[in-house]
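Step one of this worksheet: look at the structure below.
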Number of protein chains: 2
Amino acid sequence: MHLTTKGKYAVTAALDLAMHENNDFISIADLSLRQSIPGPYLEQLFRNLRKAGILTSHRGPGGGYKLSRPSNEIKIGQIISAVEDRMDATQCSGEGNCSAGSKCLAHNLWTDLNNQVQSFLMDRSLEDVLRDSNNKSLTLNNNKKLLIAAG
Amino acid sequence: MHLTTKGKYAVTAALDLAMHENNDFISIADLSLRQSIPGPYLEQLFRNLRKAGILTSHRGPGGGYKLSRPSNEIKIGQIISAVEDRMDATQCSGEGNCSAGSKCLAHNLWTDLNNQVQSFLMDRSLEDVLRDSNNKSLTLNNNKKLLIAAG
DNA sequence: TATATTCTTGACAAGATTTGTCAAGAATAG
DNA sequence: CTATTCTTGACAAATCTTGTCAAGAATATA
Ligand code: FES
Ligand code: FES
C-alpha cells in the first residue's frame, strides 16, 4: 500500500479545481502556483486524471483544466486510483498465493485493510472534503480568537 | 503512507511466532523456511522488533526468538510501527505547513485517513488475526466441501 | 574445553520507484 | 500571425526498498 505524493498532489489539485468550480478553465501554471506543486509534475498527473475521465481540458489562451463532473460526484478514491498503481495492501495482489503458493497468515488482514481504506476514500467526494476542511478551519479560528480574547 | 514488505514480513513472522507460542525459541532459519521470507532480511527486521520490546531472543543452539508478551497483548500496529517509518499519510508530517507554510486543502483528509488506519491496526492483536484467519479458512473449506458434494 | 549453533551488528549493493524535468508539437483565442 | 496552453514521449537524479554478507559474541552440549 503506497500513497505517494502523486496521489496527494492529484487530490490537492482536484480540490483546488473544485473550489473554483464556476470558473471556466484553470491552467497548470495557476494551480502550480496556488498549491505549491511542481508544474511539469502536475502535467504528468493530469494525463492520468484526464484518461480516467475526471478532468476535461482545453488548449490555447484561456485554456486549462476543469472537473468533468460536479465536485460531489467525484470521489477521492477515484482520483487516487487514477494516479497510484500500488494501493493494494496484499503481498499477493489478491491471488492468495504468497506463501509458497498458498495464502499467507496475514492475507485476510491485508484484504480487510484494503476494504477499510477503499471505503474511506470512496465515501468522500471532493465537495465533502472541501466542506469538512472549511468547518474544521473555522472552528480552529474561533477557538484561537477566544483564547486571544481570554488571555 | 507506505506499507512495504518490511511490515508485511514482520507481521507474518510474528503471526508464526504466535502460532507456536508454547514452544521455546524459534530460529530465523525455521521462520524463513516456513513463511518464505529471506532469512537475512528477516534478521534485519527482527532487530527492530527486539528493540521495540516485542521479541525476546536467545543465542546458541536451541536459541531463536519468541514473543515477549502473550499474542493477545501485541497489536499489529505495534509491529508495523517498529519496522515501517513512513506510515504517516500527511505530506507535512502533521505540521500542517505543506502549502507554502500553511495547511493544504487535503490536510484534514489525510489526518482522518491516518486515524482510520491506525485504529484498524491497533484494534487487532496477533491472536485476533490468527483466530480470524482460521475461521475464514474453515468457512471456505466447508463451502468447498458442500460444493463438491453437490456437484 | 572444543565445537556447532544462533543471534548481533554494521555495512554494503542492486534494483525499483518516485519525483521531477525537458523539448518538440498540436490546438486555439484574439 | 502570435502568444498561450495543453499533449506526448522520453529522460535523469534522488530516494527507498530489498536483500546480502561477514566478523563477532553468546550459549548449549559433548
Ligand atoms: S497477502 Fe495474500 S497470500 Fe499473502
Ligand atoms: S498534508 Fe498537512 S498541510 Fe498538507
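Just so it is clear, the values below take in all heavy atoms, side chains as well, and ignore hydrogens, waters and symmetry mates. The sequence lines fix the lettering, A, B, ..., with proteins before strands; numbering per chain opens at 1.
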By salt bridge (charged side-chain N to carboxylate O under 4.0 Å, His left out), B:E127 pairs with (sequence neighbours left out) B:R131
With rounding to the nearest 0.5 Å, note down the distance linking CG in B:L109 to OG in A:S133. 9.5 Å
Not counting sequence neighbours, which residues clear side chain to side chain contact (heavy atoms under 4.5 Å, CB included) with A:P70? List them please. A:E21, A:N72, A:E73
A:M19 atom CE, neighbour heavy-atom count above 12 within 6.0 Å: no
Measuring from atom CG of B:D85 to atom NZ of B:K6, what distance do you get when rounded to the nearest 0.5 angstrom? 5.5 Å
Positions of residues 29-50 of chain B (non-hydrogen atom under 4.0 Å from DNA chain C), listed by number: B:E43, B:R47, B:R50
Quick check: does any side chain N or O of B:S93 sit under 3.5 Å from a backbone N or O of B:E95, one acting as donor and the other as acceptor? no
Quick check against the 3.5 Å criterion: does B:S81 have a side-chain atom that pairs as donor or acceptor with the backbone of B:G77? yes
Extract all donor-acceptor atom pairs below 3.5 Å that involve side chains of residues 8-15 of chain A and protein atoms in other chains or at least two apart in sequence.
from, atom 1, to, atom 2, distance (Å)
A:K8, NZ, B:A89, O, 3.3
A:K8, NZ, B:Q91, OE1, 3.3
A:T12, OG1, A:K8, O, 3.0

So, B:S32 side chain and B:I37 main chain: donor-acceptor pair closer than 3.5 Å or not? yes
What is the 5' to 3' range of DNA chain D, first to last nucleotide, that sits under 4.0 Å from any heavy atom of chain A? D:dA3 to D:dG9
Return the set of residues passing salt bridge (charged side-chain N to carboxylate O under 4.0 Å, His left out) with A:R34 (not counting sequence neighbours), or none when no residue passes. A:D16
So do A:I26 and A:K66 actually touch side chain to side chain, heavy atoms under 4.5 Å? no
Show me the pairs that pass side chain to side chain donor-acceptor pair (under 3.5 Å) and involve residues 116-126 of chain A, at least two apart or across chains. A:S125-A:D128
Contacts of B:T111 meeting side chain to side chain contact (heavy atoms under 4.5 Å, CB included) (sequence neighbours excluded), chain-then-number -> B:T90, B:H107, B:N115
For a quick test of your reading: what N or O donor-acceptor pairs under 3.5 Å do the side chains of residues 41-59 of chain A make, sequence neighbours left out?
none

Residues in residues 54-65 of chain B with a heavy atom under 4.0 Å of DNA chain D, by number, are B:H58, B:R59, B:G60, B:P61
Where along residues 5-24 of chain B does a heavy atom fall under 4.0 Å from DNA chain D? B:T5, B:K6, B:Y9
Taking only heavy atoms on the protein side, list every residue of residues 75-90 of chain B lying under 4.0 Å from any atom of DNA chain D, sorted numerically. B:R86
Which pair of heavy atoms, one from A:L113 and one from B:F120, lies closest together, and at what distance? N-CZ, 3.4 Å
